[in-house]
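Notes follow the structure.
Letters A, B, ... mirror the listed sequences (proteins, then strands); counts begin at 1.
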Amino acid sequence: MSATVAMILALAVGTYAFRLVGPVLHGRVELPERVQELLGAAAVVLLVALLATGALTEGGGFAGWARPAGVLVGAVLAWRRAPFVVVVLGAAVATAVLRAAGVA
Amino acid sequence: MRTAERTALVRDSALVWLASGVVGVSFGAIAVTGGLPVWVPVVMSLVVYAGSAQFSAVGVLLAGGGPVAASVTGLLLNTRTAAFSLAVADILGPGRVARLLGAHLVTDETVAFALAQPDPARRRAAFWVSGLGLFAVWNTGVLAGALAGDALGDTGTYGLDAAFPAVLVALVLPALRDSSAIRRSALLGAALALAVTPAVPAGVPVLVALAGLVLHGARRPV
């Protein structure tokens, strides 16, 4: 079991170190405006990549049709400026209904 | 910040908490029914606190991949939190305690929530409200799942796996509408991430997406 403890510790310490990069550098290094602009853009790029891979893939392969179809319903609702609650529940309900109807 | 804004913030965050709570329950249940003792998913959720990395690490462990492979996989998935922590560094708050605690709450969800707000005061409130709530609900869910075992059944039935991508759509859409440079970068990044997904370990695709920033364009000084 000590191997599991070591694994959890390594994962915890490493992850916290990644998360400290921003707060530690902040206020010590004066980042040029262009770099700050790129960091903001990088966060959006990462989030869009997470949403694309999260919607379409699972375990390195295609996630099936029900999930991306549900996310698409959510995206259309968001585009039409529907409230946040409607967007998220719309996506989940659409996916659940498709699965209940036999779409994988 | 007006009360109405704060109510809206809590209402929107609560949906994300709910979805994370259910995912937490399934994480706890999967870990325990796979043969791990109850404390493993519970302690992991408190100190690592990163859903996808926890699932991957436990997945590797249960598949017999060993602790080294499990921690490397999890760390690879979490490298993106370094980029996120840089993006939110100025909204955590001025004090040392706020920064040290806030760093632990840097997740995909809280960063997306914070960056979607229009001004610094609301960004800070969104980060802390969504972050503290998420931490509480996620860990409660994992504990409940670990104690209940596999009583929940298949969460896919409820379509909750579509909820988080939809949350991200709603939160990044304003930034994408605003800036064509960000739009171009994000489209290229997502395409690259999808293209490499079948060929590389989990966690690498979203990092590859950062190459999309080449389309962000250099703004030349006049």
Side-chain angles (χ1 to χ4, degrees), chain A residues 1 3-4 6-12 14-16 18-26 34 38-57 60-61 63 66-67 70-71 74-75 78-79 84-85 87-100, chain B residues 12 15 40 43-44 47-48 50 57 67 70-71 74-75 78-90 92 99 103-104 106 108 111-112 115 156-170 172-173 175 182 185-186 189-190 193-194 197-198 205-206 209-210 212-213 216:
Chain A
M1 199 45 68
T4 307
M7 183 274 280
I8 293 176
L9 270 181
L11 202 47
T15 301
Y16 190 60
F18 288 139
R19 285 175 166 150
L20 270 184
V21 168
V24 165
L25 288 185
H26 186 66
R34 171 73 187 148
L38 274 177
L39 282 173
V44 178
V45 168
L46 282 174
L47 290 169
V48 172
L50 275 175
L51 103 77
T53 51
L56 290 167
T57 71
R67 190 197 300 169
V71 176
W79 185 256
F84 186 79
V85 184
V87 172
V88 178
L89 290 183
V93 168
T95 299
V97 167
L98 283 172
R99 289 206 177 113
Chain B
D12 290 354
L15 267 187
V40 170
V43 170
M44 207 177 178
V47 299
V48 179
S71 48
L75 284 175
N78 286 342
T79 43
R80 67 173 186 278
T81 56
F84 282 142
S85 79
L86 281 165
V88 297
D90 60 337
L92 298 184
R99 288 193 206 172
H104 194 51
V106 171
D108 307 334
V111 169
L115 293 181
T157 317
Y158 316 117
L160 282 168
D161 51 322
F164 182 55
V167 164
L168 289 179
V169 172
V172 299
L173 209 52
I182 290 184
S185 311
L194 287 171
T197 295
V206 292
L210 288 174
L213 285 171
H216 195 266

task: List the steps and the verdict of side-chain contact (heavy atoms from CB on, under 4.5 Å) for A:Thr4 and B:Val40.
output: CA-CA 8 Å; A:Thr4 307; B:Val40 170; 4.0 Å; yes
Side chain, backbone, both or neither of [X] within contact of chain A (heavy atoms, under 4.5 Å):
X        : result
B:Leu15  : side chain
B:Ala175 : side chain
B:Leu92  : side chain

message: Heavy-atom pairs under 4.5 Å with chain B - which of A:Ala78, A:Gly14, A:Pro23 has more of them than the others?
response: A:Pro23
Which of the residues [options] is involved in the greatest number of heavy-atom pairs with chain A at under 4.5 angstrom?
options                              : answer
B:Asn78, B:Val88, B:Val43            : B:Asn78
B:Val172, B:Ile182, B:Leu213         : B:Leu213
B:Ala50, B:Gly212, B:Ala186          : B:Ala186
B:Pro67, B:Ala209, B:Ala166, B:Gly74 : B:Pro67

Tell me the closest heavy-atom pair linking [X] and [Y], and the distance in Å.
X        : Y        : value
B:Ala89  : A:His26  : CB-CB, 3.7 Å
A:Thr95  : B:Ala162 : OG1-CB, 3.1 Å
B:Ala103 : A:Arg19  : O-CD, 3.0 Å
B:Ala70  : A:Met7   : CB-CG, 3.9 Å
A:Val71  : B:Pro165 : CG2-CB, 3.6 Å
A:Ala12  : B:Val47  : CB-O, 3.5 Å

- prompt: Rounded to the nearest 0.5 Å, how far apart are CE of B:Met44 and CG of A:Leu9?
  reply: 11.0 Å
Show me, pair by pair, the donor-acceptor contacts under 3.5 angstrom made by side chains of residues 38-54 of chain A, not counting sequence neighbours?
{"unit_1": "A:Thr53", "atom_1": "OG1", "unit_2": "A:Ala49", "atom_2": "O", "d": "2.8"}
{"unit_1": "A:Thr53", "atom_1": "OG1", "unit_2": "A:Leu50", "atom_2": "O", "d": "3.3"}

- prompt: Judged by atom type as modelled, is there a donor-acceptor pair below 3.5 Å linking the side chain of B:Ser85 to the main-chain atoms of A:Gly22?
  reply: yes
- request: Compare all side-chain heavy atoms of A:Val88 with those of B:Phe164 and state whether any distance is below 4.5 angstrom.
  value: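 No, every pair of side-chain atoms sits at 4.5 Å or beyond.
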field: Segment of A:Ile8 engaging chain B (4.5 angstrom heavy-atom cut-off)
entry: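 Both parts, heavy atoms under 4.5 Å.
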field: Segment of A:Phe84 engaging chain B (4.5 angstrom heavy-atom cut-off)
entry: both
